[in-house]
Amino acid sequence: MSDDYVLEIVEISEGEIVLRTRHDHNTLLTLKFSTDALDYLDNRYLDVAKVMLNAGMQAATGVDEAEASLFIGRRLH
């Protein structure tokens, strides 16, 4: 599979996660959790972001979870 079609989830700062293309780092979507949400989620916001992005990919493309994981590489830092 070409990197042109591989997406990655990257944390760019606490509570701010982006979905971007792996080959050119073009940001496609940004999730930003509020301070209240971060406190409520108690450091589980990365898991929530991954689930949200996977669900969005599945809904948009009609692929199942296993197929969606082929397109989304999870590089969180």
Side-chain angles (χ1 to χ4, degrees):
M1 176 183 300
S2 168
D3 273 353
D4 291 351
Y5 299 103
V6 176
L7 305 175
E8 58 186 3
I9 300 169
V10 180
E11 181 178 21
I12 56 175
S13 65
E14 185 178 28
E16 189 167 358
I17 295 99
V18 298
L19 178 67
R20 67 185 189 186
T21 55
R22 181 178 287 170
H23 74 287
D24 64 3
H25 297 173
N26 183 29
T27 298
L28 304 172
L29 178 86
T30 301
L31 292 174
K32 183 162 177 62
F33 291 90
S34 70
T35 303
D36 289 341
L38 292 173
D39 290 343
Y40 178 77
L41 293 171
D42 193 29
N43 293 324
R44 295 179 309 227
Y45 67 94
L46 294 174
D47 294 329
V48 172
K50 288 187 276 186
V51 169
M52 290 171 65
L53 293 169
N54 273 322
M57 287 295 296
Q58 291 173 38
T61 62
V63 300
D64 64 23
E65 185 173 350
E67 290 174 307
S69 67
L70 293 175
F71 293 98
I72 301 180
R74 295 178 176 96
R75 187 176 71 143
L76 296 172
H77 60 85

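Computed from a predicted structure; not experimentally measured.
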- Hey, could you give me the CG/NZ distance between Leu31 and Lys50, rounded to the nearest 0.5 Å? 13.0 Å
- Query: Quick one: CD on Glu8 to CG on Leu53, what's the gap to the nearest 0.5 Å?
  - Reply: 12.0 Å
- Task: Give the minimum heavy-atom separation between Thr27 and Arg20, together with the two atoms involved.
- Result: CA-CB, 3.9 Å
- Message: Contact between Ile17 and Tyr45 at the side-chain level, heavy atoms closer than 4.5 Å - yes or no?
- Response: yes
- Query: Can you tell me how far CG of Leu28 sits from CG of Leu7, rounded to the nearest 0.5 angstrom?
  - Reply: 6.0 Å
- Item | Shared hydrophobic cluster for Leu38 and Ile9 (ILVMFWY, side-chain gaps under 4.5 Å) | yes
- Item | 4.5 Å side-chain heavy-atom contact, Val6 and Thr21 | no
- Answer with yes or no whether the hydrophobic clustering places Leu29 together with Val51; edges join I, L, V, M, F, W, Y residues whose side-chain heavy atoms lie under 4.5 Å apart. no
- Task: List the atom of Arg22, the atom of His25, and the distance in Å for their closest heavy-atom pair.
- Result: O-CD2, 3.3 Å
